[in-house]
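Throughout, protein chains are lettered first and strands after them, A, B, ... in sequence-line order, and every chain is numbered starting at 1.
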Amino acid sequence: MYRTNTCGELRLSHAGQTVTLSGWVQKMREFGGMTFVDLRDRYGITQLVFNMETNPEQFKLAQKLGREFVVRATGVVAERSNKNPNMPTGDIEIHVDSIEILNAAETPPFTIEENSDGGDELRMKYRYLDMRRAPLQRNLMLRHRMAQSVRHYLDLQGFIEVETPVMIKSTPEGARDFVVPSRMNQGQFYALPQSPQMFKQLLMVSGYDRYMQIVKCFRDEDLRADRQPEFTQIDCEMAFVEQQDILEVFEGLTKHLFNEVLQVQFEGSFLKLPWEQAMSEYGSDKPDLRFEMKIKELVTRNANRAEGELSEAKHETRKAEDETRDTKHETRNPEERSLPSHASRVTSHDSSASRVTRFDSSGFPAFDDAEYIGGIIAAGCAEYTRKQLDELTDFVKKPQVGAKGLIYVKYNMDGTIKSSVDKFFDAAALQGWAEVTGAKPGDLLLILAGKRDKTLKALGDLRLEMGRQLNLMDKNKYVPLWVVDFPLVEWDEETARFYAMHHPFTAPKPEDIPMLDIDPGQVHANAYDLVINGIEIGGGSIRIHDAGLQKKMFEVLGFTDEQAEYRFGFLMNAFKYGAPPHGGIAFGFDRWVSLFAGLNSIRDVIAFPKNNQGRDVMQDSPSNLDEEQLKELGIKIS
RNA sequence: GGUCGUGUAGUUCAGUUGGGUAGAAUAUCGGCCUGUCACGCCGAGGGUCGCGGGUUCGAGUCCCGUCGCGACCGCCA
């Protein structure tokens with residue numbers, strides 16, 4: 001027998017018992033006549049004691065041990081004379097009667113402890129050693145608990161888990177596919193699924209009206225700390241549902257997970273934030289709502305007079321968008337359709353800013369030419385030094401943020417105002433900005449100007465940076481929300497066509513369907529994202545279940561009938577045989593686990609992750625194939 | 001494809017204007033130590049300064065190229 005107990009379970013109540021433990025030697029502390037050995041398994045650490053006087057034979061054996069040796073020890077559980085309150089087993093130790101080396105070990109290249117001394121690269125190379133460490137083991141156990149919890153909850157809700165194929169047909173929409181060559185069908189390839197999207201829709205056609213799967217997905221795109229080439233989704237689909245039905249079920253799942261795993265509860269239902277509002281108030285489609293600091297608009301105007309580099313087709317949509325925006329301004333009713341009442345947008349105050357500020361003839365070029373001017377209020381930051389402001393300027397001018405410069409206005413406690421544009425605007429104008437933005441004495445107003453989309457994004461980045469600097473992102477606070485009403489399609493200048501923002505099966509909002517023919521760029525999707533603390537945790541949509549509407553969608557996306565038939569023919573066919581209304585959602589499981597683990601990277605919630613370049617540095621994959629293998633597959637490397 | 005950062009002992013890092021045999025901590029090995037749990041004390045070994053080229057009397061340090069790693073942008077739902 002290798003063990004009667006684990007290294008984490010023995011307590012004072014076990015004192016006097018003879019036990020056998022097996023595990024790894026974590027650390028040894030040797031004295032003249034006494035040796036302490038910390039024995040570790042995934043349940044904890046227990047101290048073994050060897051005494052030269054009471055058992056010289058075993059004492060000698062213990063001196064031969066080294067770090068990470070695998071050993072079996074039998075002995076008596078004894079109360080410690082010096083207890084260690086920092087460890088669960090700290091009240092006891094094992095007086096060892098016999099120790100046996102099950103397997104010796106080379107000295108590992110880094111320390112296998114709570115905080116390792118090894119760097120990322122080294123730990124990835126010896127991943128199996130890194131995973132012996134408690135933090136990694138906690139992460140993987142958390143992952144396990146969450147997976148169990150998801151399955152349990154969805155099972156109770158009537159979902160059934162169905163496996164879908166991993167070798168499927170390549171669909172060039174969206175992300176690039178990983179492909180698998182077929183030996184039996186030379187020159188042809190399978191693809192690994194970016195998600196089981198079409199299969200889960202077919203399951204709805206087949207009548208499995210509540211489907212779920214925790215499933216690997218594959219995308220051949222460049223990686224980030226929160227993106228791996230293969231990752232795991234909680235994939236779900238439901239039939240005979242509307243958006244609200246889906247949001248309710250998965251808000252339920254979200255609350256269940258938070259409650260079961262983190263013991264965090266939420267009051268009421270999650271905020272539903274329209275995409276346009278998310279963009280205009282937070283400069284992001286995944287806003288971090290742990291803090292306010294909304295973006296305040298000073299002015300938006302038609303900037304078509306600017307650069308003439310736009311393509312013909314782009315011009316069309318751009319004009320259409322600008323027209324809508326202008327309309328919003330004139331009617332002082334910027335919020336469309338579904339905005340809840342709490343959404344007060346600054347545009348409605350525009351008149352007060354415009355009264356005292358001529359943004360188009362101030363003599364300040366950055367403002368006079370700007371399509372959009374907006375800012376955020378850094379509360380209580382009027383005391384910021386020149387150096388701090390310069391650093392913020394550098395931050396927004398980084399190519400990743402892309403602003404041309406940063407304008408600041410300090411509203412000092414004594415009522416005076418100091419800004420970087422004092423030359424161009426008088427005190428009344430600057431005071432007017434405070435009225436519009438809601439800045440109070442002691443606040444710092446940070447303003448960016450330029451193209452509307454880019455400037456909002458930059459303001460969003462600046463908002464997050466200020467949130468970090470002012471410690472407004474509390475790791476123990478969780479603010480989930482639904483972002484809804486995404487645009488259905490996005491125009492791409494390079495290829496001069498529309499692309500589905502979600503995917504080509506996303507249904508338009510019913511009231512927008514007529515606009516598909518006139519102005520697809522204005523159509524809203526019946527889609528939703530779950531966002532928590534600025535992280536996109538999941539997203540989904542109501543799907544198109546009507547073959548005619550799907551055909552129309554393919555037209556909008558510029559597919560010929562032949563292309564649509566070639567790529568998605570089987571789905572269109574299936575829809576001819578009675579497809580129920582349906583919709584679904586998929587969650588990024590790795591991201592969700594890393595959120596719960598309090599990590600910024602998903603790597604450490606994945607047992608065997610890949611690095612930035614998509615390489616497995618432990619296996620050293622991907623790797624070359626033999627000539628023989630290639631020949632069999634009919635593949636030639638150029 | 002791009003921006004930024006980084007590469008020095010097994011490991012984590014320091015190394016000034018370009019100037020003595022390239023250091024510290026930790027790990028490893030040896031010695032001493034009977035209550036440690038970051039044990040302590042003494043000692044030892046350990047270096048292709050990522051790689052290639054250049055400038056120089058002299059390069060870890062400066063220049064050019066290249067490779068690896070990380071974060072981000074593009075890309076990606």
> Do the ring planes of F486(A) and W275(A) sit parallel (below 30°), tilted (30 to 60°) or perpendicular (above 60°)?
Replying inline: tilted
Contact list (N/O, under 3.5 angstrom) for nucleotides 2-9 of chain B vs protein:
from: U3(B); atom 1: O2; to: Q400(A); atom 2: NE2; distance (Å): 2.8

> Contact class for G119(A) vs. all strands (heavy atom < 4.0 Å): base, sugar-phosphate, or nothing?
Replying inline: sugar-phosphate
> For C69(B), what is the paired nucleotide under Watson-Crick or G-U wobble rules, both distances under 3.5 Å?
Replying inline: G5(B)
> T164(A) side chain to F199(A) main-chain N or O, any donor-acceptor pair under 3.5 Å?
Replying inline: no
> Less than 3.5 Å between a donor and an acceptor, one on the side chain of D222(A) and one on the base of C75(B), is that the case here?
Replying inline: no
> Base, sugar-phosphate alone, or nothing: which one does K83(A) contact when heavy atoms must sit under 4.0 Å apart?
Replying inline: base
> Among A77(B), G35(B), A71(B), which is the nearest nucleotide to the side chain of H502(A)?
Replying inline: A77(B)
>> Among C33(B), G70(B), A77(B), which nucleotide has an atom closest to any side-chain atom of R219(A)?
In response: A77(B)
> Using the purine O4'-C1'-N9-C4 or pyrimidine O4'-C1'-N1-C2 torsion, is G30(B) syn (within 90° of 0) or anti?
Replying inline: anti
> Taking OP1 and OP2 of G74(B), is either one under 4.0 Å from a side-chain nitrogen or oxygen of R227(A)?
Replying inline: no
> Separation of M52(A) atom CE from C33(B) atom C1', in whole Å?
Replying inline: 10 Å
>> Need one value for Q194(A): base, sugar-phosphate or nothing, where a base atom within 4.0 Å counts as base even if backbone is also close, heavy atoms only.
In response: sugar-phosphate
> R224(A) has an atom CZ; how far is it from atom C1' of C73(B), in whole Å?
Replying inline: 6 Å
> Within the pair Q233(A) and A77(B), is there a side-chain N or O less than 4.0 Å away from OP1 or OP2?
Replying inline: no
>> Tell me whether R567(A) forms a cation-pi arrangement with F559(A), defined as NZ or CZ under 6.0 Å from the six-membered ring centre and within 45 degrees of its axis.
In response: yes
> Charged N to carboxylate O below 4.0 Å: is that the case for K272(A) and E251(A)?
Replying inline: no
>> Less than 4.0 angstrom from a charged side-chain N to a carboxylate O is my criterion; do R138(A) and E114(A) meet it?
In response: yes
> Given C39(B), is OP1 or OP2 found less than 4.0 Å from the side-chain N or O atoms of K27(A)?
Replying inline: yes
> What is the distance from NZ of K457(A) to P of C72(B), rounded to the nearest Å?
Replying inline: 13 Å
>> For C49(B), give the paired nucleotide (Watson-Crick: N1-N3 plus N6-O4 or O6-N4; G-U: N1-O2 and O6-N3; both under 3.5 Å), or none.
In response: none
> Less than 6.0 Å separating the ring centroids of F568(A) and F505(A)?
Replying inline: yes
> So what does R29(A) touch, heavy atoms closer than 4.0 Å: a base, only the sugar-phosphate, or nothing?
Replying inline: base
> Do F587(A) and F250(A) have ring centroids that are under 6.0 Å from one another?
Replying inline: yes
> Between atom CG in N51(A) and atom C1' in C33(B), what is the gap in whole Å?
Replying inline: 14 Å
>> Taking the cut-offs as 6.0 angstrom to the six-membered ring centre and 45 degrees off its axis, would you call R497(A) and Y499(A) a cation-pi pair?
In response: yes
> For the residue pair W491(A) and F498(A), does the interplanar ring angle fall in the parallel (under 30°), tilted (30 to 60°) or perpendicular (over 60°) class?
Replying inline: perpendicular
Sub-3.5 Å pairs of nitrogen or oxygen atoms, protein against nucleotides 42-46 of chain B:
none

>> From C-beta outward on R603(A), which listed nucleotide comes closest to its side chain: U36(B), C75(B), A71(B)?
In response: A71(B)
> Within the side chain of R227(A), is there an N or O that forms a donor-acceptor pair under 3.5 Å with the backbone of D222(A)?
Replying inline: yes
> Are OP1 or OP2 of C69(B) and a side-chain N or O of N612(A) less than 4.0 angstrom apart?
Replying inline: no
>> Base, sugar-phosphate or nothing for R176(A)? Non-hydrogen atoms, less than 4.0 Å.
In response: sugar-phosphate
>> Need one value for R123(A): base, sugar-phosphate or nothing, where a base atom within 4.0 Å counts as base even if backbone is also close, heavy atoms only.
In response: nothing
> Using 4.0 Å as the upper bound for N to carboxylate O, is an ion pair formed by R224(A) and D226(A)?
Replying inline: no
> Which is true for T107(A) with a 4.0 Å heavy-atom rule: it touches a base, it touches only sugar-phosphate, or it touches nothing?
Replying inline: sugar-phosphate
> With a 4.0 Å cut-off on heavy atoms, is F110(A) in touch with a base, just the backbone sugar-phosphate, or nothing at all?
Replying inline: nothing
> Starting at CG of N115(A) and ending at P of A27(B), how long is that distance when rounded to a whole Å?
Replying inline: 15 Å
>> Taking 5.5 Å and 30° as the limits, would you call F36(A) and the base of U36(B) a stacked pair?
In response: yes
> Of the nucleotides C72(B), U11(B), A77(B), which has the atom closest to the F486(A) side chain?
Replying inline: A77(B)
> Across the strands shown, which category fits D492(A) at heavy-atom distances under 4.0 angstrom: base, sugar-phosphate, nothing?
Replying inline: nothing
>> Can you measure K216(A) atom NZ to A77(B) atom C1' for me and round it to whole angstrom units?
In response: 18 Å
> G50(B) C1' sits how many Å from L122(A) CG, rounded?
Replying inline: 15 Å
> What does C41(B) pair with, Watson-Crick or G-U, if both distances are under 3.5 Å?
Replying inline: G31(B)
>> Distance check needed: G68(B) C1' versus D620(A) CG, whole Å only.
In response: 12 Å
>> Side chains of S195(A) and Q233(A): any donor to acceptor distance under 3.5 Å?
In response: no
> Touch check for Q47(A), heavy atoms < 4.0 angstrom, all strands: base, sugar-phosphate only, or nothing?
Replying inline: base
>> Taking only side-chain N and O atoms of N82(A), does any of them lie within less than 4.0 angstrom of OP1 or OP2 on U36(B)?
In response: yes
